[in-house]
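Have a look at the structure below, then the notes.
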Amino acid sequence: MLTIANKSFSSRLFTGTGKFRSAQTMSAAIQASKSELVTLAMKRVEHGRKADETLSELDRLHINLLPNTSGAVSAKEAVYAARLARAALDTPWIKLEIHPDQRYLLPDPVETLLAAEQLVKEGFVVLPYCSADPVLCRRLEEAGCAAVMPLAAPIGSNRGLLTKDFLHIIIEQASVPVVIDAGIGKPSEAMAVMEMGADAVLVNTAIATAHDPVNMAALFAQAVSTGRRAYEAGLAHSRLSSSASSPLTRFLNET
Amino acid sequence: MTITVNGKLLDFAEHINVVSLLKYLKIKPTGVAVAINNQIIFKDDWLSASLNDNDNVDVFQVVAGG
């Protein structure tokens with residue numbers, strides 16, 4: 001069972017709610033994913049725009065909500081966004097994300113750490129989206145973050161485990177849960193990172209923009225579960241040279 | 001009285017509070033957060049929080065996101 005702050009999760013797959021064709025598809029996919037924690041964003045209300053149905057759909061699922069600070073480009077903006085999210089949803093949980101660069105949406109490590117320190121002081125349960133930088137993850141942990149969420153690849157890129165070697169180090173060193181966020185494009189990649197010992201993965205684009213999001217959500221659920229079970233079963237060591245699985249008798253060569 | 005809501009200027013004949021502003025804007029309160037001059041107003045205070053001339057109001061709502 002995975003525990004983050006005061007909450008326990010039986011599923012190690014967290015899902016995003018963005019990019020789905022409809023709120024109904026999102027809801028069906030989340031149910032198929034068995035996810036117990038979903039991310040949301042905050043946005044200024046636009047005049048005359050139809051109300052967003054996301055929240056009313058999620059209400060029916062009785063699922064834990066993780067609002068994010070997406071759109072913030074500095075610590076100051078992220079802290080403001082987090083306070084707004086807490087007021088809107090009555091939850092102290094926040095996915096802290098600060099990405100000033102619109103092309104790659106890579107997180108700003110300095111602003112993220114500053115915002116994390118402030119939000120922890122204000123009683124937030126902070127889950128920071130961050131670079132796959134083991135030193136930064138340590139610092140975020142020391143700042144009091146409830147988990148760290150290093151990226152596998154740029155947000156929405158579906159490029160998979162580009163940061164694999166660094167994720168290994170982060171997983172080895174962290175004493176808070178490590179949730180691999182961003183860039184996971186395939187169930188096999190989710191499985192691979194769970195086999196490595198990640199505590200959870202957060203998937204949005206790979207599910208939401210799949211041809212069949214509901215089926216893909218179920219497949220991610222299977223992959224995450226299988227990867228975790230493999231990790232718990234203790235993977236056998238890999239080695240460069242062979243190691244015989246059968247007794248090496250010589251009779252085939254004997255004349 | 002003129003207030004700015006999400007960057008748009010709005011005129012009101014009488015003093016209003018946050019609840020009446022949201023009603024005027026036809027915004028349902030679920031998943032909504034309001035800040036007056038960057039100060040967040042919690043839902044319990046929406047009725048008592050009256051708006052003043054030149055106030056800058058941010059109205060945010062929860063939407064889908066990753």
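Reminder, nothing fancy here: chain letters follow the sequence lines and each chain counts from 1.
- The contact between B:V32 and chain A is made entirely by backbone atoms, counting heavy-atom distances below 4.5 Å.
- Listed options A:T205, A:I155, A:T54, A:L84 were ranked by heavy-atom pairs under 4.5 angstrom with chain B; first place goes to A:L84.
- Proximity to chain A among residues 38-49 of chain B is limited to B:N38, B:I40, B:F42, B:K43, judged by heavy-atom separations below 4.5 angstrom.
- Using a cut-off of 4.0 Å between Lys/Arg side-chain N and Asp/Glu carboxylate O, A:K95 and A:E97 are scored as salt-bridged.
- Scanning all heavy atoms of the two residues, the minimum distance from A:P92 to A:F124 falls at O-CD2, 3.2 Å.
- For A:L89, the part sitting under 4.5 Å from any heavy atom of chain B is the side chain, from C-beta outward, and nothing else.
- Contact annotation for A:T17: both backbone and side-chain heavy atoms come within less than 4.5 Å of a heavy atom of chain B.
- Salt-bridge check for A:E36 with A:K7: failed, with every basic side-chain N at 4.0 Å or more from each acidic carboxylate O.
- Between A:M149 and A:L127 the shortest heavy-atom distance is CE-O, 3.7 Å.
- Side-chain atoms of B:S20 and B:N17 form a donor-acceptor pair, as typed in the model, at a separation below 3.5 Å.
- Inspection of the A:K19 and A:T209 side chains reveals no N or O donor paired with an N or O acceptor under 3.5 Å.
- Under the 3.5 Å distance criterion, with hydrogens and angles disregarded, no donor-acceptor pair is assigned to the side chains of A:N68 and A:Y129.
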Candidate pair A:K76 and A:E111, rule salt bridge (charged side-chain N to carboxylate O under 4.0 Å, His left out), full reasoning:
CA-CA 8 Å; A:K76 193 178 165 207; A:E111 297 295 315; over 6 Å; no
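- Contact annotation for B:K26: neither backbone nor side-chain heavy atoms come within less than 4.5 Å of a heavy atom of chain A.
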